[in-house]
A.B. asks: 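This is the structure I have questions about; it appears just below.
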Amino acid sequence: MTQRVYLDWNATTPLLPEARAALVAALDICGNPSSVHGEGRRARRILQDARSAVAAAVAADPKTLTFTSGATESNALALTPGLHRAATPPARRLVVSAVEHSSVRAGGRFPRDAVALAPVDRSGLIDLARLEQLLADAPPALVSVMLANNETGAIQPIREVAALVRANRGILHVDAVAAFGKINIDFKDLGCDLLSVSAHKIGGPKGVGALVVAEDLRGLEPALTGGGQEKGRRAGTENLAGIAGFGAAAHVAIASLERHAAHCAALRLRLERGLKQIVGSTIIFAETVPRLPNTTLFTAPGLHAETAVIAFDLEGIAVSSGSACSSGKVQPSHVLTAMGTGEALASGGIRISLGWETTENDIDRALEAWRKLAGTLVKKNDETVLERF
Ligand code: PMP
């Protein structure tokens, strides 16, 4: 049997050997990081080393980083009504971009009627003028805008968003999950107040994440209460092994970021050229705006993403239709819908996302499969839906 080709790195990544080694070693540490004795202190050292490594990967102060069970929890924790800085009133409204991950669009602990969606343009970038209006409507608001989109890879102008939010005395949360390990992230330089990341997108284990919280932020109520772990922000004995694996993966992510980005960018060029050669009318979403170097979301006339994903899978190629969290439920991508593609195109986006193990041969195998499948899956003479977008 020929080897399978995994091209769904935005859904999750393989565990790095360094992360596995750190994780396995930490499993043998008996101490509880909260205990004062030697065993406890040993566990605590592992926890703090990992905290330093993950914080360094986003240029944040380790003191400001809270470990969680993943970015879903980080996002839920961040979206707390009442957040404010010392000199600003509490934010009672939440504004999220229309292309956020479902864990942000869920609105955290805000009542439904206190949540507003900020629209995006045809490339998926936030409409800054509309955001400004929404912010001015009833200030101050908590705003959540992702650094890069997990489906299209489009990179948001976060610094500009941060300036608008500050001018309106609001608070900014950034979901940096998709961007983590792919582009440089500097918490302070972005100008945000809260930032979420997840281990399993950078070669760490699944089920571990972190939330960075600016030192001057007030009013972050824990979602889980009990013991005083994580400075009272997140009760519960820490997932030491998972966190150790996260720390090791973060070390690798910093050291290999540039090489990894260049590797993916070259392969993606090969991929996108090939896709266009095979079907001339291919659309690559967010093609003309800054994008993550590893992500391609494309479609072609008549393409149904769910059918295509299964067909690719039968050819041994793992790709996805938009975000993995919404697969299984056959519904159009909310990201493409927000970009104004119309329903037909919003159901036709195939995401190919690359990583450090991806090879030229993998890209060629995917293109070979696509050449074979496109004959039946693409309506060669139906350009109408494409023209409308
Ligand atoms: N935000 C984004 C942009 C994501 O892609 C994901 C993972 N699909 C999450 C948040 C949730 O992360 P986790 O799987 O760690 O809960």
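Whatever order the structure lists them in is the order used to number ligands and atoms, beginning at 1. Hydrogens, waters and symmetry mates play no part in the numbers below; they use all other heavy atoms, side chains included. Values in this document were obtained by computation on a predicted structure and should not be read as measured data.
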A.B. asks: Give the numbers and elements of all ligand 1 atoms closer than 4.0 Å to a heavy atom of Gly70.
C.D. replies: 15 (O)
A.B. asks: Provide the number and element of each atom of ligand 1 under 4.0 Å from a heavy atom of Ser198.
C.D. replies: 13 (P), 15 (O)
A.B. asks: Specify side chain, backbone, both or neither for Asn150, according to which of its non-hydrogen atoms lie closer than 4.0 Å to ligand 1.
C.D. replies: side chain
A.B. asks: Give the atoms of ligand 1, by number and element, whose distance to some non-hydrogen atom of His200 is under 4.0 Å.
C.D. replies: 13 (P), 14 (O), 15 (O)
A.B. asks: Below 4.0 Å, non-hydrogen atoms only: which portion of Lys206 touches ligand 1? Side chain, backbone, both or neither.
C.D. replies: neither
A.B. asks: Of all the atoms in ligand 1, which lie at a distance below 4.0 Å from a heavy atom belonging to Asp175?
C.D. replies: 1 (N), 2 (C), 3 (C), 10 (C)
A.B. asks: Lys201: heavy atom below 4.0 Å from ligand 1, yes or no?
C.D. replies: yes
A.B. asks: Quick one, Thr358 and Ile363 - any side-chain contact, counting heavy atoms below 4.5 Å?
C.D. replies: yes
A.B. asks: Are side-chain heavy atoms of Val143 and Ile171 found at a separation under 4.5 Å?
C.D. replies: no
A.B. asks: Evaluate the ring planes of Trp370 and Phe298, with Trp represented by its six-membered ring, and classify them as parallel (under 30°), tilted (30 to 60°) or perpendicular (over 60°).
C.D. replies: perpendicular
A.B. asks: Kindly confirm or rule out an N or O of Thr72 lying under 3.5 angstrom from an N or O of ligand 1.
C.D. replies: yes
A.B. asks: Which of the numbered atoms in ligand 1 are under 4.0 angstrom from any heavy atom belonging to Met146?
C.D. replies: 3 (C)
A.B. asks: Quickly, which of Leu354, Leu292, Leu269 forms a side-chain contact (heavy atoms from CB on, under 4.5 Å) with Cys264? Name it, please.
C.D. replies: Leu354
A.B. asks: How about NE2 on His260, more than 12 heavy atoms from neighbouring residues, nucleotides or ligands closer than 6.0 Å, or not?
C.D. replies: yes
A.B. asks: I'd like to check whether Ala11 has a polar contact with ligand 1, where a contact means an N/O of the residue lying under 3.5 Å from an N/O of the ligand.
C.D. replies: no
A.B. asks: Hey, is Glu100 one of the residues with a heavy atom under 4.0 angstrom from ligand 1?
C.D. replies: no
A.B. asks: Using distance alone, with no hydrogens and no angle criterion, decide if Ser74 and Thr68 have a side-chain donor and acceptor under 3.5 Å apart.
C.D. replies: yes
A.B. asks: Could you walk me through whether Lys201 and Thr13 pass the side-chain hydrogen bond (donor to acceptor under 3.5 Å, both in side chains) check?
C.D. replies: CA-CA 5 Å; Lys201 310 283 179 165; Thr13 59; over 6 Å; no
A.B. asks: Per the side chain to side chain donor-acceptor pair (under 3.5 Å) rule, what does the pair list look like for residues 170-179, sequence neighbours excluded?
C.D. replies: Asn75-His173, Asn75-Asp175, Ser144-His173, His173-Ser196
